[in-house]
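Predicted, not measured: the structure shown is a model, and the values here were computed from it.
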Amino acid sequence: MNFLELFGRNLRRGPYTEPFPFAPAAPAPKRLRGRIVFDARICEGCLLCEKLCPSGAIRFARAPEGMTFDCWHPTCVFCGTCEFYCPTKAIHQTNDWSLAHLEAEKFALAEHGLIPSIVCAECGGKGLDTAPNVSKIRPPLSAEELAQLRARCPKCRNKFLRTRGKAS
Ligand code: SF4
Ligand code: SF4
């Protein structure tokens, strides 16, 4: 097929590429590594994701209202390391690839989260409303015990687990 024939055929058939952004994009494959999302309610606050992120896209910081989480998508290389090592899947990747934005919108587009501060139900000290790390505790905690544990600071959580089930 010579060039003119090829040109005529392509004119008749139309473009082979997606017309995006002039039309909605085709659905992305389910396993595409895209935008990071964070769920503060199930985060244990272990900071593993921040330590392991190869591009330094994840930042936890102490603030008066608790511990803030930020993930900067322009810095993220979508490697999936954070999701792979997160013990609770509080951080995970979606297949959302549509991250183009104006410079002025960069802060709004970053993923933000907050683990709120708490006042310890036992000692009145400061703590964070992190999900308790109880995966290896046997027998497993009931929902009521989990709520009691979560309302405590780290020191009182340890004490709670040490004395759990023992008569007072
Ligand atoms: S998101 Fe996961 S890995 Fe990161 S601090 Fe929370 S529990 Fe740890
Ligand atoms: S996907 Fe990779 S680069 Fe992006 S935030 Fe997670 S660990 Fe960092």
Side-chain angles (χ1 to χ4, degrees), residues 27-101 104-168:
K30 279 188 184 148
R31 295 181 64 196
L32 184 138
R33 291 177 174 179
R35 178 197 296 270
I36 292 291
V37 292
F38 174 69
D39 185 350
R41 290 166 308 163
I42 55 172
C43 174
E44 291 180 354
C46 64
L47 307 188
L48 253 186
C49 53
E50 182 186 55
K51 288 186 188 114
L52 295 175
C53 175
S55 65
I58 298 171
R59 281 283 172 271
F60 282 94
R62 293 308 294 248
E65 66 273 25
M67 187 155 71
T68 59
F69 167 94
D70 294 299
C71 178
W72 293 92
H73 292 110
T75 314
C76 173
V77 294
F78 306 105
C79 63
T81 304
C82 51
E83 173 173 330
F84 184 81
Y85 286 101
C86 176
T88 65
K89 301 299 169 221
I91 189 165
H92 66 275
Q93 278 186 292
T94 66
N95 66 347
D96 179 6
W97 53 268
S98 181
L99 293 163
H101 59 279
E105 292 165 358
K106 68 178 179 187
F107 190 72
L109 192 82
E111 177 75 2
H112 305 292
L114 173 72
I115 302 172
S117 296
I118 54 163
V119 174
C120 176
E122 189 169 336
C123 71
K126 281 187 184 170
L128 284 170
D129 185 25
T130 49
N133 178 355
V134 290
S135 56
K136 294 193 176 134
I137 304 290
R138 294 290 177 272
L141 280 83
S142 65
E144 190 186 342
E145 284 177 310
L146 262 178
Q148 290 174 354
L149 190 62
R150 189 161 187 150
R152 285 164 162 75
C153 67
K155 206 169 146 193
C156 292
R157 284 185 185 189
N158 286 337
K159 186 175 153 198
F160 182 96
L161 291 172
R162 275 200 314 273
T163 57
R164 176 177 176 238
K166 292 181 187 164
S168 56

Checklist line | Exercise: identify the closest heavy-atom pair between Trp72 and Ala110 | finding: CE3-CB, 3.8 Å
Check: For Arg33, which residues count as a salt bridge (charged side-chain N to carboxylate O under 4.0 Å, His left out) partner, sequence neighbours excluded?
Finding: none
Next item on the list: Please collect all salt bridge (charged side-chain N to carboxylate O under 4.0 Å, His left out) contacts where either partner lies in residues 106-120, sequence neighbours excluded, each pair once.
Entry: Glu103-Lys106
Check: Going by the salt bridge (charged side-chain N to carboxylate O under 4.0 Å, His left out) test, which pairs reach into residues 56-71, not counting sequence neighbours?
Finding: none
Check: Can you name the side chain to side chain donor-acceptor pair (under 3.5 Å) partners of Asp39, sequence neighbours left out?
Finding: Arg41
Margin query: Give me each pair satisfying ring pair (Phe, Tyr, Trp, His ring centres under 6.0 Å) with a member in residues 140-162, each pair once, sequence neighbours excluded.
Written below: none
Check: Could you give the distance from SG (Cys49) to CZ (Phe69), rounded to the nearest 0.5 Å?
Finding: 6.0 Å
Check: So which heavy atom on Ser117 is nearest to which on Pro64, and how close?
Finding: OG-O, 3.6 Å
Next item on the list: Can you sort out the partners of Cys53 under side-chain contact (heavy atoms from CB on, under 4.5 Å), two or more places apart, ordered by chain and number?
Entry: Ser55, Ala57, Ile58
Item checked: Residues in side chain to side chain donor-acceptor pair (under 3.5 Å) contact with Asp96, at least two apart in sequence or another chain -> Arg35
Margin query: Restricting to non-hydrogen atoms, name the atom on Thr68 and the atom on Ala63 that form the minimum distance, rounded to 0.1 Å.
Written below: CG2-CB, 4.0 Å
Note to self: Rounded to the nearest 0.5 Å, what separates atom SG in Cys71 from atom CD1 in Ile91?
What the structure shows: 5.5 Å
Note to self: Could you report the tightest heavy-atom contact between His73 and Leu109, atom names first, then the distance?
What the structure shows: ND1-O, 3.4 Å
Please tabulate, one pair per line, all N/O donor-acceptor pairs under 3.5 Å involving side-chain atoms of residues 124-134, not counting sequence neighbours.
{"unit_1": "Asp129", "atom_1": "OD1", "unit_2": "Arg150", "atom_2": "NE", "d": "2.7"}
{"unit_1": "Thr130", "atom_1": "OG1", "unit_2": "Arg157", "atom_2": "NH1", "d": "3.3"}

Note to self: Please give me the minimum heavy-atom distance between Cys120 and Cys153, naming the atom from each residue.
What the structure shows: SG-N, 3.3 Å
Next item on the list: Can you tell me which residue pairs pass the salt bridge (charged side-chain N to carboxylate O under 4.0 Å, His left out) test with a partner in residues 43-56, sequence neighbours excluded?
Entry: none
Item checked: Arg162: side-chain contact (heavy atoms from CB on, under 4.5 Å) partners, not counting sequence neighbours -> Asn158, Lys159
Checklist line | Inter- and intrachain pairs under ring pair (Phe, Tyr, Trp, His ring centres under 6.0 Å), touching residues 112-145, at least two apart | finding: Phe107-His112
Pairs under 3.5 angstrom only: tabulate donor-acceptor contacts from the side chains of residues 80-90 to other protein residues two or more places apart or in another chain.
{"unit_1": "Glu83", "atom_1": "OE1", "unit_2": "Gln93", "atom_2": "N", "d": "2.6"}
{"unit_1": "Thr88", "atom_1": "OG1", "unit_2": "Ile42", "atom_2": "O", "d": "2.8"}
{"unit_1": "Thr88", "atom_1": "OG1", "unit_2": "Ala90", "atom_2": "N", "d": "3.3"}
{"unit_1": "Lys89", "atom_1": "NZ", "unit_2": "Glu83", "atom_2": "O", "d": "2.7"}

Check: Heavy atoms, side chains only, cut-off 4.5 Å: are Ile137 and Arg164 in contact?
Finding: yes
